[in-house]
Amino acid sequence: MKTLWPRLGTLLLCIAILLGAWLGYLRFMPSKAGHIVEAPKALQDAEAGPDFTLMLSDLKQMSARVHNVGSPGIQMVQDYIRDRAAELGYETREDRYSLSMEDVLDLRRAWGRGMDATPASIREDSGIGDAPAMDLVNLYVHLDAPDTEETIFLVAHTDSVKEGPGAFDDTVSVAAMLEGLRLLKGQTLRRDVVFLFTDGEEQGLLGAFLFVEEHPELVDKARLVLNLEARGNSGALLMFETSDKNLAMVRHLNRALQRPVSTSIATAVYRSMQNDTDLTAFFRKGRAGMNFACIDNPVVYHTAQDNYETFSRDTARQYLDDVTALARYFATAPDLELDSGEDGVFFPLPFAKLAVVPEGIAKAVSWGIALLTLVFLFVSIRKKRARLSYVMASFAGILFDLALATALVYGLQEGIHALFFGRGGSMWGSRWSTPVFLAMALVFCFGGFFLARVARKGRTPFEKALGALLLPAIICLALPFVFPGGIYLGGVVGAGGLVYLAAASWSGRRLLVPLMLLGALMMAVIAPIGYLLYTALGFYASYLAIGLLMLPVLTLGALDCYGAKLREQAEA
């Protein structure tokens with residue numbers, strides 16, 4: 001029994017690690033849509049609250065055909081929006097444009113978009129063929145609130161690419177906005193709301209750029225712009241981009257939604273990328289805003305597979321719930337203070353909303369964790385419980401294991417590509433990519449865990465655990481300078497590991513249950529970021545995702561090595 005119990009404890013810790021990763025993954029998935037009725041439904045039969053059947057009925061009709069710029073399909077979608085607004089008693093305003101190819105090129109150059117485009121490539125990409133001009137129609141419905149100088153924008157684009165009907169890019173957003181428009185009917189608004197349906201987004205954000213230039217009277221009053229997009233057709237609706245100084249707006253997002261999904265890592269990374277959406281046009285006018293999209297199953301993006309038959313109904317339900325909740329909250333909230341002076345560090349927790357911390361406080365906490373780790377190291381050496389050279393050797397070992405595993409995963413992913421797909425092939429979109437990724441993650445993470453559990457000759461388990469904590473301590477020290485949005489990655493591992501090591505050292509006990517809870521928490525926070533890396537960047541970023549997942553796993557292995565040693569000593 002004395003031999004069996006430590007092994008059982010390690011097994012339970014592994015289960016806790018898997019459970020935490022699973023809970024973290026689920027937190028980045030939409031809730032279940034529940035009972036779904038997919039049938040035609042008229043506006044007069046709508047429920048009092050968000051009506052999923054009505055939204056799906058709208059979505060099916062609007063995504064029945066390709067609706068690229070200037071096509072009969074987009075005219076059908078725009079007529080559908082006009083008709084729904086009229087049924088609700090709203091006036092739809094519109095701006096029409098007939099752009100020559102030179103006009104399109106001039107507009108793109110003015111905004112720094114598509115500098116290598118030619119008239120021939122524009123005609124080909126847009127699908128307008130030999131038409132003399134590119135016809136665009138921006139539609140917007142302006143809900144006027146009394147005695148206010150503030151305006152909230154909700155934005156989606158009506159055009160698809162010529163390759164497919166764009167059920168999710170971006171018709172699902174249009175359908176959700178129509179429900180938001182319906183549910184604001186009769187509400188007491190505290191600020192104006194503009195529902196803007198742009199055209200020409202797929203051709204370089206043309207409609208959005210034209211709108212912000214021609215409607216300064218509206219744009220200058222924009223308090224907040226909420227843009228809705230999609231880069232796949234499943235997964236959670238993720239808030240992935242904000243304007244600068246986002247602390248206050250993220251706190252409002254937390255209040256607006258029952259289950260917000262976002263992370264400051266995503267917003268920080270997206271800011272550094274060259275990708276743009278319609279929100280870019282508003283950003284360049286100095287307006288505050290947030291960007292929302294689902295990104296799972298990106299293989300359907302800009303293809304014929306982005307159609308009514310293929311999308312996740314759970315994801316569509318989240319679009320409905322979140323868009324209507326955002327519209328209602330920001331239109332009616334009594335206080336909408338958005339000026340915070342700093343960014344926030346934020347991430348979701350299982351069974352909870354977002355944890356939101358001011359960046360300044362997060363930096364101070366991060367540096368504090370690094371400092372406390374160094375103090376603990378210094379005290380341990382002074383009390384002759386650890387030897388600096390052996391602690392540093394343990395740290396080097398952990399670093400080597402992490403680097404080696406990352407390199408091996410990179411080699412494996414490239415080898416798999418070469419073996420199964422050969423020259424010119426790809427794992428992008430393959431049905432094997434996710435199973436292979438998960439298999440590699442399990443093998444390398446738990447291989448690393450058991451490797452970290454093994455005490456090296458000459459080094460004590462305490463020295464091994466202390467060495468393992470130096471890596472998150474260094475991350476805590478560095479990230480506030482180079483990547484503040486990701487501070488919490490090092491913080492949750494460094495703080496949790498330090499607390500456990502200090503408590504186990506003081507009590508002389510393994511403290512298995514606290515270690516299990518700590519392992520589950522670490523993975524619940526960090527595993528979703530591995531999932532985002534894999535989903536956003538694809539199979540060929542497996543080495544980055546798995547490398548990140550191994551940070552908490554290696555630390556937990558080293559801590560469990562020390563805990564197991566304490567149990568042996570207690571039983572001796």
Side-chain angles (χ1 to χ4, degrees), residues 1-27 349-351 373 394-395 397-398 401-402 405 438-456 459-472 489-531 546-571:
M1 187 66 181
K2 288 183 177 181
T3 305
L4 179 63
W5 176 246
R7 294 178 181 176
L8 180 60
T10 299
L11 175 63
L12 291 174
L13 178 56
C14 290
I15 292 172
I17 290 171
L18 286 173
L19 178 61
W22 178 246
L23 290 175
Y25 167 77
L26 290 180
R27 186 60 180 82
L349 292 170
F351 315 114
T373 303
S394 297
F395 165 68
I398 291 289
D401 292 344
L402 183 60
L438 291 175
M440 289 193 300
L442 286 171
V443 168
F444 279 92
C445 285
F446 282 107
F449 172 82
F450 285 105
L451 189 63
R453 275 196 90 254
V454 176
R456 303 295 174 89
R459 304 174 208 165
T460 67
F462 181 76
E463 289 167 337
K464 185 177 186 66
L466 197 49
L469 289 184
L470 289 183
L471 180 56
L489 293 179
V492 69
V493 178
L498 183 61
V499 169
Y500 172 81
L501 188 58
S505 176
W506 177 78
S507 66
R509 299 169 57 196
R510 187 180 187 185
L511 302 180
L512 177 62
V513 172
L515 186 60
M516 289 170 58
L517 293 174
L518 175 61
L521 176 62
M522 285 184 185
M523 296 306 294
V525 171
I526 293 179
I529 307 305
Y531 154 75
I546 293 174
L548 176 63
L549 293 175
M550 288 193 68
L551 171 64
V553 170
L554 289 172
T555 305
L556 288 166
L559 293 174
D560 191 45
C561 176
Y562 177 58
K565 183 64 176 179
L566 289 177
R567 180 169 182 84
E568 289 178 13
Q569 291 174 348
E571 291 177 346

How are the rings of Phe449 and Phe446 set to each other: parallel, tilted or perpendicular (split at 30° and 60°)?
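Phe449 and Phe446: perpendicular rings.
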Rounded distance (nearest 0.5 Å) linking atom [atom1] of [X] with atom [atom2] of [Y]:
{"X": "Cys561", "Y": "Phe450", "atom1": "SG", "atom2": "CZ", "result": "12.5 Å"}
{"X": "Leu517", "Y": "Leu512", "atom1": "CG", "atom2": "CG", "result": "9.5 Å"}
{"X": "Ile526", "Y": "Leu521", "atom1": "CD1", "atom2": "CG", "result": "9.0 Å"}
{"X": "Thr555", "Y": "Leu501", "atom1": "OG1", "atom2": "CG", "result": "11.0 Å"}
{"X": "Leu19", "Y": "Leu13", "atom1": "CG", "atom2": "CG", "result": "12.0 Å"}
{"X": "Ile398", "Y": "Leu402", "atom1": "CD1", "atom2": "CG", "result": "8.5 Å"}

Residue pair Phe444 / Val553, side-chain heavy-atom distance below 4.5 Å
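Not touching, per the 4.5 Å side-chain cut-off.
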In the structure I gave you, are the side-chain heavy atoms of Leu18 and Leu442 within less than 4.5 Å of one another anywhere?
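Yes, close enough: below the 4.5 Å cut-off.
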Contact summary for [X] and [Y], nearest pair of heavy atoms:
{"X": "Leu549", "Y": "Ala441", "value": "CD1-CB, 4.4 Å"}
{"X": "Leu470", "Y": "Phe395", "value": "CB-CD1, 3.6 Å"}
{"X": "Ala468", "Y": "Pro472", "value": "O-CD, 3.1 Å"}
{"X": "Leu566", "Y": "Ala504", "value": "CD1-O, 3.4 Å"}
{"X": "Ala465", "Y": "Ala558", "value": "CB-O, 3.8 Å"}
{"X": "Pro528", "Y": "Tyr25", "value": "CG-N, 4.3 Å"}

Could you go through the side-chain contact (heavy atoms from CB on, under 4.5 Å) check for Leu515 and Leu518 one step at a time?
CA-CA 5 Å; Leu515 186 60; Leu518 175 61; 4.2 Å; yes
State whether the side chain of Arg27 and the backbone N or O of Pro350 hold a donor-acceptor pair below 3.5 Å, judged by distance alone.
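No: the side chain of Arg27 does not pair with the backbone of Pro350.
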side-chain contact (heavy atoms from CB on, under 4.5 Å) for Leu12 and Val513? Distances and angles first, verdict last.
CA-CA 9 Å; Leu12 291 174; Val513 172; over 6 Å; no
Audit row: Leu489, Leu551, side-chain contact (heavy atoms from CB on, under 4.5 Å) steps and yes/no
CA-CA 9 Å; Leu489 293 179; Leu551 171 64; 5.5 Å; no
Given Ile17, which partner from the list Met516, Met522, Met523 fulfils the side chain to side chain contact (heavy atoms under 4.5 Å, CB included) test?
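Among the candidates, only Met523 passes.
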